[in-house]
Structures are given as C-alpha cells and as structure tokens.
Protein chains: 2
Amino acid sequence: MSQMQSVEKQLREMILGLEIGPGEKLTERWIESRFGASRTPVRAALLRLETEGLVGRDGRGWTVSPINLAELEQIAVYREAVEVAALRLTCALADRSGVDVIEAMLESCDGNTAREEWHRVGMDFHIELARLSGNEFLFRAVRDAMTRLSRARWLEVRDEAALARAWAEHRAILAATRLGDADEAARQLSAHIVGSRYRLVTSLANDRRGLRARGFAVVAA
Amino acid sequence: MSQMQSVEKQLREMILGLEIGPGEKLTERWIESRFGASRTPVRAALLRLETEGLVGRDGRGWTVSPINLAELEQIAVYREAVEVAALRLTCALADRSGVDVIEAMLESCDGNTAREEWHRVGMDFHIELARLSGNEFLFRAVRDAMTRLSRARWLEVRDEAALARAWAEHRAILAATRLGDADEAARQLSAHIVGSRYRLVTSLANDRRGLRARGFAVVAA
DNA sequence: GATACCATTTTGGGATACCAAGATGGTATC
DNA sequence: GATACCATCTTGGTATCCCAAAATGGTATC
C-alpha cells in the first residue's frame, strides 16, 4: 500500500479516536515527522480529510474540526432524510436477506464486548443498512454522516440502558424491514434518529465543561 | 487568489463545459503546462475534483468521469430524498421570503436568454431552493448532486416545450412552498425530479451513438 | 509595566528533482 | 507476417528546496 493512504488512514484514526483533540492545531510539518512521510502525501491526506469535515482551515493553518452541536443537529436531519430514503428502497427490494447479516452483526455484541466494538457496530448498523438499498449515493451520504458523528458519539456518556434501548430500536427497524413494511420501518428509523440526536446533544451540552477541560473544543448549538 | 484554486476552477469549468470530454485521459503534466502551474496545485485540484466525482483514477492515471446512465438514475433518487427533505424544512419556516428571490431568478430567463444561462438557472433553482432550508448538509448534497448532473443535462437534447414545462413545474413548486403547503410542494418536486430523470436518461440513451461519435464515453444504465 | 516596533522563526503554498513502475515502440527471431 | 523481447520514454508518487507571509518573541520606548 502506498504511504499516502497510510498517512491518511492513520491520521483519520488519530482524529476519530480523539488522540488529537477537536480544535487542536495541526501543522503539515508535525504530521510529516509524526508519520515519517513527506509533505506531498501529508497534503493529500489533509485535503481528503477536509472534504470529510474532520479537519478544516484556520486562516493559513489546519485545525482538527471542533465538535459543533449545531452541526450535529443538522446532520441528524440530513441523516434522517437519506437513511429513511435508503430504507424505503430496501423495503421495496424482492431480496431483503441482507437484513439477516446486519441482525447477526448486532447479535455479536454482548456483555463481554469492548466499548470500542459497541461503538463501531452501532455506526456500521446504519451504514450497512443504507448499503442494502443499492443506491451508492445514499450509502455514501450515510457513511460520511456517520464518520462526522463518530467523535461526538464517542464522547457521549452512554449508559447500559441507552445502549440496550438503541439495540432494541435497531432490531425493530430490521424486523419491519424484513417484512417489507416501509412505512413502519421508516417510522421506527425516524424515531430512532430523532431520539439519538436528542440524547447525544443533551449529553454533550451537559458535559461541555468537562470536555473543554479535557482540551476539546465544543461549539454551542 | 492562489493559483491552486485557479487551476481547480479552470479545470472544473473545462470538464463541466465539455471542453474535455467524458472518458478522456488526463495527465498531471498536461494540466501543469496547460495552466502554467506546477504539479502541487494540479494534484490538489485533481484530489478535489475526484471527491466531486468529475475525475477518477484509471489504474495509475486520471480520467474525466464518463457519463454513467446508471449513476444518473441513482443520483435522481438521491436528489429526490434530499431536495424533498430540504423543501419540507423550508415550508416549515416562518419566513419563506426567499422563494421570491428564486422566483425572480426564474423570471430573468426569456426568449433572448442564452442557452448557457437557462442551463445555469435551471441548476441554481434547485441549489438555491435547498439553501433556503438552512440545513448546510442538505444544501451541499443538492449542490454536489447538481454538479454531477451538470454535464449530462448539458448533453440532453432539450426542446422549447421541455424547457417551458420545467419552468412551469419550478413555479408550481415555489407557489406551494410560498403557501407553506409541504405535502403539495413535496409532491410537485418529486414529480419534477422523476420526470426530469426520465427525459434525461431517455434523451441520452437515444443519443448515445451520437455522443460516442463526439468522443464522449457514455456508460449504459 | 504596558506597548509599539522590528528581527527571527515558522508555516503553508509552490516548484523542482528523483524514482520505480508501467506504457510504448522498435527489433530480432521464428 | 506474427510474436516475443528489450531499450526507452512517460507517468504518477515522493522527497526536497524555495519563497512570501504570518506568527513569534525580544527590545526599546514611553
């Protein structure tokens, strides 16, 4: 694999994994030395990550995008539009066996599962569900939206009850989809996204002080 | 303005304006000499245009993306989801005076208007309409989708009747939006997009031979 | 002590040099 | 004439160099 993709991948993981905090300044030179690459692949990586919304320009320099509560709310509305559209397409498919694969994915999480894994599967649920629609654009839209939400979801204070609730909602969505009941599936998915958004934004707004103390830039709604 | 943005802008215009045909191979060196820039800005431009879907990698090299009829169909579905969502948001706004600005934009086209202008206003109608929603993500989704559709719409054989029809549909959408009638506005917009897609794909499929003769790569649905 | 000013450093943007891999084209062989 | 093979050229990827501008930090002035 070329080093360019490696820099991009590693840098993305550091940002998504909060090893580099939201709001931190980045210099091309630092990335260069940190990953042992030269500036050309570093710039390519930054340009790509910029379109993903993970880094942004700060005047002349680069900054890891802060967590923006207003943006999170807008993404939730966006997600609802594209995810529901994708789900309706999937419900209209003759072969909806893909839902079983996703169901199995959910089942793979139990009491022994690491938090990272719950986090990942929780996002992949939505991404893979969108992929079933067969529409490349809806799929990418969901994938990109989830990438943008990723750090915020990671920061969210999630308790066992919230996790169990989310998983139950996921299963309800799959059940309706399996039956091809588009309206019911769409209703369930909308409610799930709206509820998620509420809990996410509430959690972050409450914990804002704590997040700032950890050096994370959090922009108000 | 930096030269980088200039290369990107000029190259994008050449591609969208079909001065470089769909399917044509691009070399960084050619772009470099064509615009008098060095490879650094050229690479940045190509990376950006890649995320816009206007150029793609062809093994080791770069290619102007072909017109892909299957992709056009998928974009239409995608558009419908995001445009309708945006329009429903707009209908729920207290201040919908923005529709008047868009209406005026439509009025600016008459018998003396150049074809380029009709083309541009036809796209801007949808982009500006989405912007009214206030949701940055829905707006960008529509803008990017229209950019991808741009070349195809340019190739479409459009007659006076089709243009008049499209404008009438645009006005109907605005009228319902002005009244805040979200369901009616959504219905009108959906019908408009579905109709547009049908006429576009049909036109291109029929003219495929002619387009290939002009050296344009057109991939079947 | 605060502040205006200037030298120095650092930074991102651009240009150029170099390389390995792939495309090209000619040639020798059958 | 077709084909296998090899020298050459071209290409994208990477590294390095240069530059203008912005940030930095120290200093002199009030």
Side-chain angles (χ1 to χ4, degrees), chain A residues 1-16 19-66 68 212 215-217 219, chain B residues 1-16 19-66 68 212 215-217 219:
Chain A
M1 181 183 289
S2 76
Q3 199 159 39
M4 187 193 79
Q5 288 189 11
S6 173
V7 172
E8 181 184 333
K9 205 171 157 183
Q10 290 183 62
L11 187 56
R12 184 188 293 107
E13 272 172 19
M14 283 190 75
I15 294 173
L16 291 180
E19 295 173 58
I20 314 178
E24 270 187 54
K25 292 243 189 303
L26 285 175
T27 69
E28 297 183 355
R29 258 88 178 192
W30 178 82
I31 302 169
E32 189 181 351
S33 67
R34 176 69 178 70
F35 299 105
S38 80
R39 292 180 65 202
T40 310
V42 167
R43 283 191 202 166
L46 285 170
L47 284 173
R48 289 242 171 73
L49 293 177
E50 185 187 22
T51 69
E52 293 179 33
L54 296 182
V55 304
R57 290 216 144 81
D58 171 44
R60 227 167 75 102
W62 297 94
T63 309
V64 177
S65 302
N68 185 326
R212 284 193 183 280
F216 296 156
V219 178
Chain B
M1 177 184 292
S2 75
Q3 195 160 43
M4 189 193 76
Q5 287 188 14
S6 172
V7 172
E8 181 185 333
K9 204 171 158 184
Q10 290 183 60
L11 187 56
R12 184 188 294 106
E13 272 172 19
M14 284 190 74
I15 293 173
L16 291 180
E19 295 173 56
I20 314 178
E24 269 187 54
K25 291 243 188 301
L26 286 176
T27 69
E28 296 184 354
R29 255 89 178 191
W30 178 82
I31 302 169
E32 189 181 350
S33 68
R34 176 67 177 73
F35 298 104
S38 80
R39 292 180 65 200
T40 310
V42 168
R43 295 197 108 255
L46 285 169
L47 285 172
R48 288 242 172 71
L49 294 177
E50 185 187 21
T51 70
E52 293 180 32
L54 296 183
V55 304
R57 291 184 187 280
D58 172 43
R60 227 167 74 101
W62 298 92
T63 308
V64 177
S65 302
N68 184 327
R212 284 194 184 280
F216 296 155
V219 178

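Residue numbers start from 1 in every chain, and the chains themselves are labelled A, B, ... in the order their sequence lines are given, proteins ahead of strands. Any value given below was found using the heavy atoms of this structure, including those in side chains, with hydrogens, waters and symmetry copies removed.
Here A:Leu26 contributes atom CG and A:Ile31 contributes atom CD1; the two are 4.5 Å apart, rounded to the nearest 0.5 Å. Rounding to the nearest 0.5 angstrom, the gap separating the OG1 atom in B:Thr40 from the CD atom in B:Glu32 is 9.0 Å. Atom CG of A:Leu47 and atom CG of A:Leu49 lie 9.0 Å apart (nearest 0.5 Å).
Counting only heavy atoms from C-beta outward, the side chains of A:Arg43 and B:Arg43 never approach each other to under 4.5 Å. B:Leu11 places a side-chain heavy atom less than 4.5 Å from the side chain of B:Leu46.
Counting atom types as modelled, A:Arg29 pairs a side-chain N or O with a base atom of C:dG12 as donor and acceptor under 3.5 Å. Residue side chain B:Arg39 reaches the base of D:dG13 through a donor-acceptor N/O pair under 3.5 Å, judged by distance alone. Judged by distance alone with a 3.5 Å cut-off, a donor-acceptor contact links the side chain of A:Arg43 to the base of C:dG13. Counting atom types as modelled, B:Arg57 pairs no side-chain N or O with a base atom of D:dG12 as donor and acceptor under 3.5 Å.
Side-chain nitrogen and oxygen atoms of A:Ser38 include at least one within less than 4.0 Å of the OP1 or OP2 phosphate oxygen of D:dA15.
Distance CG (B:Asp58) to P (C:dG22): 14 Å, rounded to an integer number of Å. Between the NZ atom of B:Lys25 and the C1' atom of C:dT24 there is a distance of 15 Å, rounded to whole Å. Distance B:Glu28 CD to D:dT10 P: 16 Å, rounded to the nearest Å. If you measure from atom CD1 of B:Ile31 to atom P of C:dG14, you get 15 Å, rounded to the nearest angstrom. Atom-to-atom, CG of B:Leu26 to P of D:dT10 comes out at 18 Å; the value is rounded to the nearest Å. Here D:dG13 presents its P atom at 6 Å from CH2 of B:Trp62, a figure rounded to the nearest Å. As rounded to whole Å, 13 Å separates atom P of C:dG13 from atom CD of A:Glu32.
A side-chain hydrogen bond (donor to acceptor under 3.5 Å, both in side chains) with A:Trp62 is found for exactly one of A:Glu50, A:Glu24, A:Glu28, namely A:Glu28.
Residues A:Ala45 and A:Glu8 approach most closely at CB-CA, 3.6 Å, considering heavy atoms.
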Paired and unpaired positions of DNA chain D as dot-bracket, Watson-Crick or G-U wobble under 3.5 Å, | denoting a partner strand: ||||||||||||||||||||||||||||||
